[in-house]
Amino acid sequence: MFVNFRRLRRYKWVQLAMTCLVLSLMMVCWEQLDSSSVSHIKSYSYRHLINRYAFINESFTIPRQEARAFRDYRYLLNHPGKCSSEKRVLLLLLVKSSPENFGRRRAIRSTWGNETYIRQALGATVKVVFVLGLAKQREGAYGRRSRGGGGGIQDDLTREDHWHGDLVQQDFVDSFHNLTLKLLLQFRWAHDHCPRARFLMTADDDVFVHMPNVVRYLQDADRRGATDLWVGRVHRGAPPVRHKGSKYYVPPEMYPWASYPDYTAGAAYVVSGDVAEKVYQASLTLNASLYIDDVFMGICASAAGVSPQEHVYFSGEGRAPYHACIYDKMMTSHGHVVDIHQLWKAATDPEVKRVTSGPFGRLYCAAVRLSLLCRPYFFNTYPCKAAFA
Ligand SMILES: *[C@@H]1O[C@H](CO)[C@@H](O)[C@H](O)[C@H]1NC(C)=O
Ligand SMILES: *[C@@H]1O[C@H](CO)[C@@H](O)[C@H](O)[C@H]1NC(C)=O
Ligand SMILES: *[C@@H]1O[C@H](CO)[C@@H](O)[C@H](O)[C@H]1NC(C)=O
Ligand SMILES: *[C@@H]1O[C@H](CO)[C@@H](O)[C@H](O)[C@H]1NC(C)=O
């Protein structure tokens, strides 16, 4: 009896454990199913059935005076004359940085963001500006506010700016949920201080920009007289993230619909000067409380009647494979901090041209790109179709 009871209990434990396992597997899978497939199907059909975002314009439009509140931050550091000394600016490059990222800015200035190099080696005028907010106050170990948090960093920023003259800072707290304020800052600054720049690019400070390729691409676009240009990695009909744990969570009160208007991944994208101006004008009457900055850009653009174009060699979240055949085509790649010097050296090495040119080089690179970009389960970089571009 006693033994049976124990056996029964053990059996029950196993049963209970199995049930739990199955249930949790189901929950995990359901979550996956729910958050990716179902919402993608929903948003896809939504986008293709409705495919108009006029409602966005209506529901986000607020009176101009009220919209001012999102832009009326004071400049702590600024360089209004940055563009005015130039006859012609091909590209205004705004790098979204954060106060504490001194090292990243230093690395960018000496690699892809080196204006002198771009002028001498590529024959183009590119103006590089870092945009930031205020350093967050640091919480002390016991929840006390530690001394200095912002103060020390702010002094260092002033020194850095004195030396390089390329920081633009407003007095909002530099945080993920304030990225839309940073977006507004960029378009406002471009409108006020660099209105004649032919193109505007915005990039995160952990993005690698293949400047020679980008400049060549923009010089071509300029010769074609390109306008209405907005190019990057496009998210089409992406659904809002609705699970609360996510960094990208957006409550239904803020955005009730099943999909966002098309937008380009915020890591890096380019717009032509006319689009920058239209987006700025649209932003003057929009409610900017939606804190996902690239989605908000999509909303501004849809209000301005502009839609994005895909370029397969702009990366979204992912990092590009390290290979000469990739460097030959690469525009941007995301997630480079410690390897930026090495990558810059490798990507701009004359060897790249030698390897990739000629009939044999092209054939070789076609094979390499196919094998690097078209592997199953190898997401997060350029899409497979980039191998055929
Ligand atoms: C930028 O490039 C120029 C010309 O190639 C070079 O002389 C200069 O040292 C570079 N600047 C930095 C910060 O590396
Ligand atoms: C955004 O910046 C404003 C102004 O500094 C600040 O009051 C607010 O707390 C910040 N929001 C977030 C989410 O950090
Ligand atoms: C902007 O939208 C939010 C909801 O996302 C709302 O709470 C807020 O009141 C709106 N702001 C204005 C000025 O209408
Ligand atoms: C959006 O709304 C504003 C003001 O209501 C209007 O002037 C503008 O033309 C609208 N844009 C589009 C694309 O419908």
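Read the numbers this way: they start at 1 and go in the same order the structure lists the ligands and their atoms.
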Check each atom of ligand 2 against the heavy atoms of Ser175 and keep those under 4.0 Å away; list them by number with element. 12 (C), 13 (C), 14 (O)
Note: ligand 1 atoms sitting under 4.0 Å from heavy atoms of Gln120 are 4 (C)
So what's ligand 3 close to, N/O to N/O, under 3.5 Å?
residue, atom, partner, partner atom, Å
ligand 3, 2 (O), Asn287, ND2, 2.3
ligand 3, 2 (O), Ser289, OG, 3.2
ligand 3, 5 (O), Ser289, OG, 3.4
ligand 3, 11 (N), Asn287, ND2, 2.9

Kindly assign one of parallel, tilted or perpendicular to the pair Tyr255 and Phe60, based on the angle between their ring planes and the thresholds 30° and 60°. tilted
Test of proximity, Asn114 against ligand 1: N or O pairs below 3.5 Å: yes
Which part of Asn178 is near ligand 2, with near meaning a heavy atom under 4.0 Å away: side chain, backbone, both or neither? side chain
Exactly one candidate in Asp205, Asp294, Asp293, Asp206 meets salt bridge (charged side-chain N to carboxylate O under 4.0 Å, His left out) with Lys96; the answer is Asp293
When you compare the side chains of Ser98 and Asp174, does any donor N or O come within less than 3.5 Å of an acceptor on the partner? yes
Got a donor-acceptor contact below 3.5 angstrom from the Thr332 side chain to the Ser315 backbone? yes
From the list Tyr248, Tyr269, Tyr263, Tyr260, ring pair (Phe, Tyr, Trp, His ring centres under 6.0 Å) with His235 holds only for Tyr263
Return a yes/no value for Phe172: is any of its N or O atoms, backbone included, closer than 3.5 angstrom to an N or O of ligand 2? no
Counting from 1, what ligand 2 atoms have a heavy atom of His177 closer than 4.0 Å? 13 (C)
Tell me if a side-chain donor or acceptor on Lys127 pairs with a main-chain N or O of Asp166 at a distance below 3.5 Å. no
Among residues two or more places apart or on two chains, list those pairs meeting salt bridge (Lys or Arg N to Asp or Glu O under 4.0 Å) that have a residue in residues 268-279. Asp228-Lys278
Are Tyr217 and His311 an aromatic pair, judged by ring center distance below 6.0 Å? yes
Any side-chain donor near an acceptor of the partner, Tyr327 and Asp349, under 3.5 Å: no
